[in-house]
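Written below as structure tokens is the structure these notes are about.
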Amino acid sequence: MRRRLVPALALLAVLVVLAGCSSPFGGGPDETELNRNASYDWDTNATTTYNVSRGQFAGIVTVENQSYLELYQRDELGTEAPLQIASLRFRFPNGTVVAPANRSNLGVEHGQSRANVTLPQAGGQVAFTAERPNAKRFATPLFLDSPHSVDVTLPPQARVGVPLLSKVSPGDYTTTLNEETNRMTVRWESAERGPILVRYYLARDLLLFGGIGGVLTLVGIGGALYYLRQIRVLERRREEIGLDVETETDEFDDDDPPPGMR
């Protein structure tokens, strides 16, 4: 009896795990998370926009002639995995916004490496949120195959531009700063190769590094003046004890005989 009970419990545990989470053979995220409330700014000037904040980001992707979208993330080793999204919304060209709870043909299924988003129709805007590490770095693949415009709005006070403190890839980008929100947007007019990478710094970091650099410069100047003063002191001491007296000798030409031999 006991031998039969152990395999049965193990099978039950496997079934519970497969029912409660996504498996590599399919499935999807929590429906509650997909329908979670969120506010999106649909009036964008780019095909794909990202609004980056601490711990998460929101994406809006404009699709044409396709009724699906594959979302994924890639780690530093290049391994792909489905992007865990929440607050999924679809906006029709007429402005109507729907959630998965409103439309049965709007949903997500997870494969081994992609989150397959099914859309109500071929054409519109897809919005979602996803968690991200709380680091001064944002990276994402391009989810559209054709060249398109991409906007990445950074958190407040985040900046790029100083080579040692920031990095943006691919190149050929522009930046704009919204003075009211104190947020910088990085824009690619025609991105066609990924991933998009933005490593940024905060404005206060630049002041901090500038202050540290100024202190180090003052310390260096003070040290140089101190050692120069010590050298001058040693030179004066050598002169006082006669170690700096040079013996003067007459210079003779090779053809002139020494004095007394003429």
Side-chain angles (χ1 to χ4, degrees), residues 22-52 56-75 78-132 138-153 169-170 172-173 185-198:
S22 301
S23 71
F25 304 103
D30 186 359
E31 292 295 328
T32 302
E33 290 296 314
L34 289 179
N35 290 281
R36 190 174 63 187
N37 292 331
S39 178
Y40 296 107
D41 184 5
W42 297 100
D43 297 329
T44 64
N45 296 321
T47 305
T48 301
T49 64
Y50 294 104
N51 189 337
V52 182
Q56 71 172 9
F57 69 94
I60 300 178
V61 182
T62 303
V63 296
E64 297 180 358
N65 302 322
Q66 64 182 66
S67 58
Y68 70 94
L69 188 65
E70 295 182 337
L71 303 177
Y72 63 97
Q73 56 190 348
R74 183 181 292 123
D75 60 20
T79 304
E80 296 181 357
L83 183 64
Q84 304 291 334
I85 66 172
S87 304
L88 178 63
R89 298 292 186 274
F90 182 81
R91 184 175 186 261
F92 290 89
N94 62 6
T96 302
V97 179
V98 296
N102 308 126
R103 298 296 294 261
S104 59
N105 53 357
L106 174 61
V108 182
E109 288 189 358
H110 284 178
Q112 290 185 345
S113 60
R114 306 290 174 96
N116 302 306
V117 183
T118 303
L119 307 179
Q121 70 173 35
Q125 290 177 290
V126 186
F128 59 89
T129 63
E131 295 183 356
R132 75 179 192 92
F138 175 74
T140 180
L142 293 178
F143 300 126
L144 300 177
D145 296 332
S146 59
H148 59 284
S149 56
V150 179
D151 279 358
V152 176
T153 299
S169 178
D172 195 18
Y173 64 91
T185 298
V186 183
R187 180 181 179 89
W188 292 265
E189 291 294 343
S190 182
E192 56 182 341
R193 59 184 179 86
I196 295 294
L197 170 64
V198 181

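For reference, positions follow the sequence shown, starting with 1. If you're wondering where the values come from, they're calculated on a predicted model, not measured in any experiment.
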Which value, rounded to the nearest 0.5 Å, describes the distance between Leu106 atom CG and Leu119 atom CG? 7.0 Å
Are the side chains of Val152 and Trp188 in contact, using a 4.5 Å heavy-atom criterion? yes
Give, for atom CZ of Phe138 and atom OH of Tyr50, the distance between the pair rounded to the nearest 0.5 Å. 6.0 Å
Check whether Thr129 reaches the backbone of Ala86 with its side chain - one donor and one acceptor, N or O, closer than 3.5 Å. yes
Pairwise distance OG1(Thr48) to CZ(Phe143) - rounded to 0.5 angstrom: 8.5 Å
At their closest point, which heavy atom of Arg187 faces which heavy atom of Asn45, and how far apart are they? NH2-O, 3.2 Å
If you take all heavy atoms of Leu69 and Leu71, which pair is closest and at what distance? CD2-CD2, 3.7 Å
Say you draw a straight line from CD1 of Ile60 to OH of Tyr40; how long is it, rounded to the nearest 0.5 Å? 7.5 Å
Test item: Asp151 side-chain N/O and Ala46 main-chain N/O as donor-acceptor pair under 3.5 Å: no
Derivation of the side chain to side chain contact (heavy atoms under 4.5 Å, CB included) call for Val52 and Arg132: CA-CA 9 Å; Val52 182; Arg132 75 179 192 92; 3.2 Å; yes
Looking only at heavy atoms, what is the nearest atom pair of Ala130 and Gln84, with distance? CB-O, 3.6 Å
If you take all heavy atoms of Arg91 and Val97, which pair is closest and at what distance? CG-CG2, 3.8 Å
Would you call Ile196 and Pro170 a side-chain contact if the rule is heavy atoms closer than 4.5 Å? yes
Taking all heavy atoms of Gly123 and all of Phe90, pick out the closest pair and write down the distance. O-CZ, 3.3 Å
Above 12 or not: heavy atoms from other molecules or residues under 6.0 Å from CD of Glu131? no
Does any donor atom in the side chain of Thr153 or Thr185 lie under 3.5 Å from an acceptor atom in the other side chain? yes
On a heavy-atom basis, the closest approach of Thr47 and Ser149 is N-OG, 2.9 Å
Greater than 12 external heavy atoms within 6.0 Å of Asp75's CG: yes
Calculate, to the nearest 0.5 Å, the distance between atoms CD and CD belonging to Gln125 and Glu64 respectively. 10.5 Å
Residue Phe92 excluded, over 12 heavy atoms near CZ under 6.0 Å: yes
First locate atom CG of Leu83, then atom CZ of Arg114, and finally report the distance between them rounded to the nearest 0.5 Å. 11.5 Å
pair Val126-Leu88: side-chain heavy atoms closer than 4.5 Å: yes
For Arg103, what residues pass the salt bridge (charged side-chain N to carboxylate O under 4.0 Å, His left out) criterion, not counting sequence neighbours? none
Less than 4.5 Å apart, any side-chain heavy atom of Leu142 and any of His148? yes
Checking Ser87 side chain against Arg36 main chain: does a donor-acceptor pair fall under 3.5 Å? yes
